[in-house]
Amino acid sequence: MKSRNSRLDRFISQHSEFAMSDVRLLLAQGRILVDGCVAQSIQQRVSEFSRVVLDDNCLQDKQPIYLMLHKPKGVVSATKDGKHKTVLDLIDHPEKNDLHIVGRLDFNTTGLLLLTNDGAWSRKLSLPETKLPKTYEVTLSKRLNADYMAAFREGIYFGYEGITTQPASLEILSDYSARLSLVEGKYHQVKRMFGFFDNEVLALHRVSVGAITLGPLAPGSSRLLTQDEIDQSSKN
Ligand code: URA
């Protein structure tokens, strides 16, 4: 997602008939409001969600959208696909075409998927240094044992990237099921970690991303995040 954070003078020149060089005068005349306050500096940053008014014209007034979807099996984590149903096809929101996905899930993986139109928020959640925990329930084809817990805590070497995975916590729930918590999101990471033990993942379901949990949302349904969920997720 590209940043839509721009300097006020550039923003005004891109959204009105005024040139960048006119903006100092407009400021001196008190003709520009940003989020209800009279703007003072050409260097003021304008985000994609700042409300900007020039004289009586509103140049930008866009609300951020934060949404969770319970992704069912057999749906692509993409906004467009020539062949399969996409997660966007499941969403009923008037501005759904502005949304992008925060952390994809594989075609047959189910569970919590976040979507937003806020590039700064999704970037923050996805940064490796944010170390946002993602928790999955996993069903395996072979019996689990305590060796998995030790190996996942120490990290699994991924030869293709030449990296060792960050420490991950594994809770064994039954002989063939476990809850795994990861702070990164490499390609097919969960499947490849169990693949180290030659143990095929039969079902994979994401239950939480940071402080946001899927809860009782039905498969295929979506809802807006609460303000509390948004605040908690931005705290990491
Ligand atoms: N790890 C996987 O292997 N698949 C997913 O969909 C998510 C994490």
Side-chain angles (χ1 to χ4, degrees), residues 1 67-81 83-91 99-116 122-144 147-149 151-173 176-215 217-222 233 236:
M1 267 310 106
L67 205 139
M68 73 157 76
L69 169 74
H70 184 159
K71 179 192 171 299
K73 262 184 151 184
V75 175
V76 188
S77 286
T79 50
K80 268 190 219 124
D81 189 90
K83 212 159 121 199
H84 300 286
K85 190 180 253 195
T86 71
V87 291
L88 219 55
D89 293 329
L90 299 173
I91 288 168
L99 301 176
H100 60 269
I101 297 163
V102 190
R104 287 160 204 283
L105 292 173
D106 293 341
F107 189 63
N108 282 324
T109 302
T110 59
L112 175 61
L113 192 75
L114 298 175
L115 295 109
T116 186
S122 58
R123 243 186 326 277
K124 184 172 176 213
L125 263 54
S126 309
L127 278 175
E129 48 271 36
T130 301
K131 292 195 184 245
L132 191 70
K134 271 102 27 194
T135 303
Y136 297 86
E137 287 169 357
V138 196
T139 308
L140 286 313
S141 63
K142 293 185 188 154
R143 200 177 280 272
L144 291 159
D147 293 348
Y148 287 70
M149 293 164 75
F152 288 2
R153 199 167 42 238
E154 279 176 23
I156 302 290
Y157 182 69
F158 282 179
Y160 184 72
E161 296 95 331
I163 55 118
T164 299
T165 57
Q166 296 280 318
S169 89
L170 183 75
E171 186 188 347
I172 297 180
L173 302 174
Y176 296 94
S177 68
R179 190 175 294 125
L180 176 65
S181 195
L182 305 174
V183 292
E184 56 196 340
K186 304 277 178 243
Y187 180 66
H188 291 333
Q189 180 155 351
V190 176
K191 291 172 190 155
R192 290 162 76 199
M193 288 173 74
F194 285 100
F196 174 81
F197 288 96
D198 202 21
N199 198 345
E200 190 190 349
V201 170
L202 299 180
L204 185 57
H205 178 74
R206 184 155 68 192
V207 289
S208 66
V209 173
I212 304 172
T213 57
L214 182 62
L217 193 65
S221 302
S222 60
S233 68
N236 274 295

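By convention here, the first residue in the shown sequence is residue 1. Quick caveat, the model's predicted, so the values are computed rather than measured. Order of appearance sets the numbers: ligands from 1, and atoms from 1 within every ligand.
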- Query: Looking only at atom types and distance, does a side-chain atom of Ser221 sit under 3.5 Å from a main-chain N or O of Leu217, one as donor and one as acceptor?
  - Reply: no

- Message: Please check: side-chain N/O of Lys71 versus main-chain N/O of Asp106, any donor-acceptor pairing under 3.5 Å?
- Response: yes

- Message: If I compare all heavy atoms of Val87 with all of Leu115, which pair ends up nearest, and what's the gap?
- Response: CG2-CD2, 4.4 Å

- Report the residues that fulfil side chain to side chain donor-acceptor pair (under 3.5 Å) with Arg192, sequence neighbours left out, ordered by chain and then residue number. Glu161

- Item | Pair Ser181-Thr135, side chain to side chain donor-acceptor pair (under 3.5 Å): steps then yes or no | CA-CA 4 Å; Ser181 195; Thr135 303; 3.2 Å; yes

- Message: Main chain of Thr165, side chain of Lys186: is a donor-acceptor contact present, judged purely on distance under 3.5 Å?
- Response: no

- Query: Can you name the residues that come within less than 4.0 Å of ligand 1, going by heavy atoms only?
  - Reply: Leu105, Asp106, Thr109, Tyr136, His188, Gln189, Val190, Lys191, Leu204

